[in-house]
Amino acid sequence: MSESTIGAKEERAQKIEEQRKNRPEWLKVTAKTGKNYTALKDIMRTQSLHTVCEEAHCPNIFECWEQRTATFMILGDICTRACRFCAVHTGRPTELDLREPKRVAEAVVAMGLEHVVITSVARDDLADGGASMFAATIREVRKQVPSCSVEVLIPDFDGNWDALRLVMDAEPDILNHNVETVRRLSDSVRSRAKYDRTLELLRRAKEMKPDIPTKSSIMVGVGETMDEIYATMDDLRAVDVDILTIGQYLQPTEKHLVVERFYTPTEFLRLRGEGLKRGFRHVESGPMVRSSYHAKEQVPAGARKVR
């Protein structure tokens, strides 16, 4: 191993340790596990379901689960991609579980949900990227709980627009696909996903179903500038994205991207204002905000209707 490689590793380790020691107070979470948290966890285990809350080490899991809200992760818990910010396991996925849509719907019934968020690992091994399973899950939830609104957070299906059509034809109440970061950093932060492909997916989703709100998310703290964040907002508005979430990137393990800087609550308020000024219908912006944070509050009035 060369001296330069050793030096880079030592510098990285030092930076991680400094961040651990100097983590701002507003990013410190106290674990509070009440009866709702325990009940929800039991439901997940009983139905053999995965949640992105657990797999991605979401810092809001205690708050959200205690409020009986969760984001279901379908198509297994092994992702075919290895994004440098994500804690979900990477590898060769297992076979498809065709009963999963029904079990998700049964969990929605057991939890008494009014709004459910469904996401997945990337499944580049499947011809449609798992789109048919998203569609089946939407329809099964609607069948069992007609009044429950459904939000989906989808991968890019590797640019397969016929797969996107399968999801849009199932008519989710919100279609979410994350841009994650600014154009300059996209290739180094994300695995296989492309910045312009994300914009194209969001554009096509709106073109297919103009009445279905679209949503995307930016994580900050990976080396972007404020001007680049504003440019990303402009790009999302150019394809008519309705809802934007902005949150602080936190390093899930030492193998992942190092946090370049922590944004202050005041800066997040500023970003929210800039987003609203650009025409987003709703902007959720804060240090602990993640894609599905306060998702129920973002559902358009009248969306919870029997279809």
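Below, all heavy atoms of this structure are taken into account, side chains as well, without hydrogens, waters or symmetry copies.
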Item to check | Within 45° cone of Tyr263 ring axis and under 6.0 Å: Arg261 NZ or CZ | outcome: yes
Next on the checklist: Run the side-chain contact (heavy atoms from CB on, under 4.5 Å) test on His115 and Ser149 for me, step by step, so that the C-alpha distance in whole Å, both residues' side-chain angles and the decisive distance to 0.1 Å come before the verdict.
Outcome noted: CA-CA 5 Å; His115 179 71; Ser149 54; 2.7 Å; yes
Does the [X] side chain pair with the main chain of [Y], one donor and one acceptor, at a distance under 3.5 Å?
{"X": "Glu228", "Y": "Arg184", "result": "no"}
{"X": "Gln144", "Y": "Val141", "result": "no"}
{"X": "Arg272", "Y": "Val283", "result": "yes"}
{"X": "Arg278", "Y": "Asp234", "result": "no"}

Would you call [X] and [Y] a salt bridge, using N to O less than 4.0 angstrom?
{"X": "Arg192", "Y": "Asp156", "answer": "no"}
{"X": "Arg123", "Y": "Asp125", "answer": "yes"}
{"X": "Glu200", "Y": "Arg197", "answer": "no"}

Counting C-beta onward and ignoring hydrogens, is there a side-chain heavy-atom pair between [X] and [Y] closer than 4.5 Å?
{"X": "Asp128", "Y": "Asp162", "answer": "no"}
{"X": "His177", "Y": "Thr198", "answer": "yes"}
{"X": "Thr119", "Y": "Val152", "answer": "no"}
{"X": "Phe157", "Y": "Val167", "answer": "yes"}
{"X": "Tyr249", "Y": "Val220", "answer": "no"}
{"X": "Leu202", "Y": "Leu236", "answer": "yes"}
{"X": "Asp242", "Y": "Lys215", "answer": "no"}
{"X": "Met219", "Y": "Asn178", "answer": "no"}

Give the cluster check for [X] versus [Y]: same hydrophobic cluster or not, with ILVMFWY residues linked at side-chain heavy-atom distances below 4.5 Å.
{"X": "Leu269", "Y": "Leu276", "result": "no"}
{"X": "Val116", "Y": "Val145", "result": "yes"}
{"X": "Trp161", "Y": "Met133", "result": "yes"}

State, to 0.1 Å, how close [X] and [Y] come at their nearest heavy-atom pair, and which atoms those are.
{"X": "Asp169", "Y": "Arg139", "value": "O-NH2, 3.6 Å"}
{"X": "Asp240", "Y": "Thr214", "value": "O-OG1, 3.4 Å"}
{"X": "Ile78", "Y": "Val121", "value": "O-CG2, 3.5 Å"}
{"X": "Leu185", "Y": "Ser188", "value": "O-OG, 3.0 Å"}
{"X": "Glu260", "Y": "Val222", "value": "CG-C, 3.5 Å"}
{"X": "Tyr230", "Y": "Leu271", "value": "CE2-CD2, 3.8 Å"}

Item to check | salt bridge (charged side-chain N to carboxylate O under 4.0 Å, His left out) between Arg142 and Asp173, intermediate numbers included | outcome: CA-CA 11 Å; Arg142 289 257 167 74; Asp173 292 286; 2.8 Å; yes
Next on the checklist: Under the criterion salt bridge (charged side-chain N to carboxylate O under 4.0 Å, His left out), I'd like the reasoning laid out for Glu274 against Lys277: C-alpha separation, chi angles, the key distance, then a yes or no.
Outcome noted: CA-CA 5 Å; Glu274 290 290 338; Lys277 187 168 69 176; 3.3 Å; yes
Checklist entry - Is there a side-chain contact (heavy atoms from CB on, under 4.5 Å) between Arg183 and Asp196 once you walk through the steps? => result CA-CA 8 Å; Arg183 181 184 293 276; Asp196 286 316; 3.0 Å; yes
Checklist outcome for this item: Result for side-chain contact (heavy atoms from CB on, under 4.5 Å) between Ile218 and one of Val289, Thr245, Val179 points to Val179
Checklist entry - What is the distance from atom CG of Leu244 to atom OG of Ser217, rounded to the nearest 0.5 Å? => result 7.0 Å
Item to check | CA sep, side-chain torsions, deciding dist, call: Ile246, Glu284, side-chain contact (heavy atoms from CB on, under 4.5 Å) | outcome: CA-CA 6 Å; Ile246 309 170; Glu284 195 79 33; over 6 Å; no
Item to check | Arg103 vs Glu106, salt bridge (charged side-chain N to carboxylate O under 4.0 Å, His left out): CA-CA, chis, key distance, verdict | outcome: CA-CA 5 Å; Arg103 293 204 313 277; Glu106 289 170 349; over 6 Å; no
Checklist entry - Can you list the steps and then say if Asn176 with Ile243 is a side-chain contact (heavy atoms from CB on, under 4.5 Å)? => result CA-CA 9 Å; Asn176 187 354; Ile243 302 166; over 6 Å; no
Item to check | Trace of the side chain to side chain donor-acceptor pair (under 3.5 Å) decision for Asp187 with Tyr195 | outcome: CA-CA 8 Å; Asp187 287 347; Tyr195 186 89; over 6 Å; no
